[in-house]
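On a predicted model such as this, the values are computed, not experimentally measured, just so you know. Throughout, residue positions are numbered sequentially from 1 according to the sequence presented.
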Amino acid sequence: MFVKTNGWTSVSNAPLDLIAANLRRERDRTGMSLSEVAKKAGVAKSTLSQLESGAGNPSVETLWALGVALGVPFSRLVEPAVPRVRVIRAGEGPVIHSERAHYSATLLAACRPGTKHDIYWLALEPGGARESLPHVPGSIEHMIVATGRCLAGLADDPVELGPGDYIVYPGDLAHICKALEPGTTAMMVMEHTV
């Protein structure tokens, strides 16, 4: 669900009230006024005021400029509060569209400060589950299923996932991964504090 006005624009699936709250929080954190942030970002003060009140229809470019003005990554303006285990099904998540190209980006997760990431390609076949003992404290695992179906997540509450589904869960708790179909593949990112 996006709005097309003179080309590709807008936010789809990214709740405007979430963006509004994140903008207010970050502006309050900096102590800058509406005018200061708007000027620094190169947007009209009225545009920023609308966005902070949950109105308007921000583009990737507008949110990016506001992030730069506030000294925060783009993701901090569109990311919701994160529960311990989170699943984003294919086609869900905060989608932001460009106003200058046929391009959209769905934020799945933002990096925490002071973390290291290891990236793995998983090839899974039906059979026994891969049962992992807890990793080092603070570890987090992110997984996106490419093909097939699998059961993944915390050992005591795994989730069935299909192509395009994303899950994040604490890697410092017992967890599992089990293929439910032949030829299941997934991308795994292990995040560790450094």
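Between His175 and His135, the gap from one ring centroid to the other is short of 6.0 Å.
A donor-acceptor pair under 3.5 Å is formed between the side chain of Asn22 and the backbone N or O of Leu77. With hydrogens and angles disregarded, a donor-acceptor distance shorter than 3.5 Å links the side chain of Asp165 to the backbone of Gly162. Proximity of a side-chain donor or acceptor of Thr184 to a complementary backbone N or O of Arg149 within less than 3.5 Å is detected. Checking side-chain atoms of Asp172 against main-chain N and O of Val136 turns up no donor-acceptor pair under 3.5 Å. Using modelled atom types, no side-chain atom of Ser49 and backbone atom of Leu34 make a donor-acceptor pair closer than 3.5 Å.
Summarising the geometry, atom CG belonging to Leu66 is positioned 12.0 Å from atom CD belonging to Glu61; distances are rounded to the nearest 0.5 Å. Leu180 contributes atom CG, which lies 9.0 Å from atom CG of Leu161 (distance to the nearest 0.5 angstrom). Between Leu18 atom CG and Leu23 atom CG the span is 9.5 Å, to the nearest 0.5 Å. To the nearest 0.5 Å, atom CD of residue Glu191 and atom CG of residue Asp118 are 10.5 Å apart. Taking CD from Glu36 and NZ from Lys45, the interatomic distance works out to 10.5 Å, rounded to the nearest 0.5 Å. Note that the CD atom of Gln50 and the CG atom of Asn57 stand 10.5 Å from one another [nearest 0.5 Å].
The two residues Leu16 and Gly56 make their nearest non-hydrogen contact at CD1-O, 3.3 Å. For Ile19 against Pro58, the heavy-atom pair with the smallest separation is CD1-CG, 4.3 Å. Closest non-hydrogen pair, Pro163 versus Ala90, comes out as O-CB, 3.4 Å. The two residues Trp121 and Ala146 come nearest to each other via the heavy atoms CH2-CB, 3.7 Å. Looking at every heavy atom in both residues, Gly54 comes nearest to Ala20 through N-CB, 3.5 Å. Among all heavy-atom pairs drawn from Leu48 and Ala38, the shortest one is CD2-N, 3.8 Å.
Under the side chain to side chain contact (heavy atoms under 4.5 Å, CB included) criterion, Ile119 pairs with Met187, Val189, not counting sequence neighbours. For Arg29, the salt bridge (charged side-chain N to carboxylate O under 4.0 Å, His left out) partners at least two apart in sequence or on another chain are Glu26.
Counting heavy-atom neighbours within 6.0 Å of Arg24 CZ, excluding the residue itself, gives a total above 12.
The hydrophobic clustering, which links ILVMFWY residues whose side-chain heavy atoms are closer than 4.5 Å, places Val37 and Val72 together. Follow the hydrophobic side-chain contacts under 4.5 Å out from Tyr120 and you reach Ile167 in the same cluster. The hydrophobic clustering, which links ILVMFWY residues whose side-chain heavy atoms are closer than 4.5 Å, places Ile144 and Ile176 apart. Val87 and Ile140 fall into different hydrophobic clusters, where Ile, Leu, Val, Met, Phe, Trp and Tyr side chains are chained together by heavy-atom contacts under 4.5 Å.
Counting heavy atoms from C-beta on, the side chains of Leu51 and Val43 never come closer than 4.5 Å. Residues Arg86 and Tyr166 are in side-chain contact: their nearest non-hydrogen atoms beyond the backbone lie under 4.5 Å apart. For the pair Asp157 and Val85, the minimum side-chain heavy-atom distance is 4.5 Å or more. You'll find the side chain of Lys116 stays beyond 4.5 Å of the side chain of Thr193, heavy atoms only. Residues Leu70 and Met32 meet the side-chain proximity criterion, which asks for heavy atoms closer than 4.5 Å.
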Practice problem: Apply the test side chain to side chain contact (heavy atoms under 4.5 Å, CB included) to residues Leu122 and Met143: give CA-CA distance (whole Å), side-chain angles for both, the deciding distance (0.1 Å), then the verdict. | Solution: CA-CA 9 Å; Leu122 306 179; Met143 187 168 78; 3.8 Å; yes
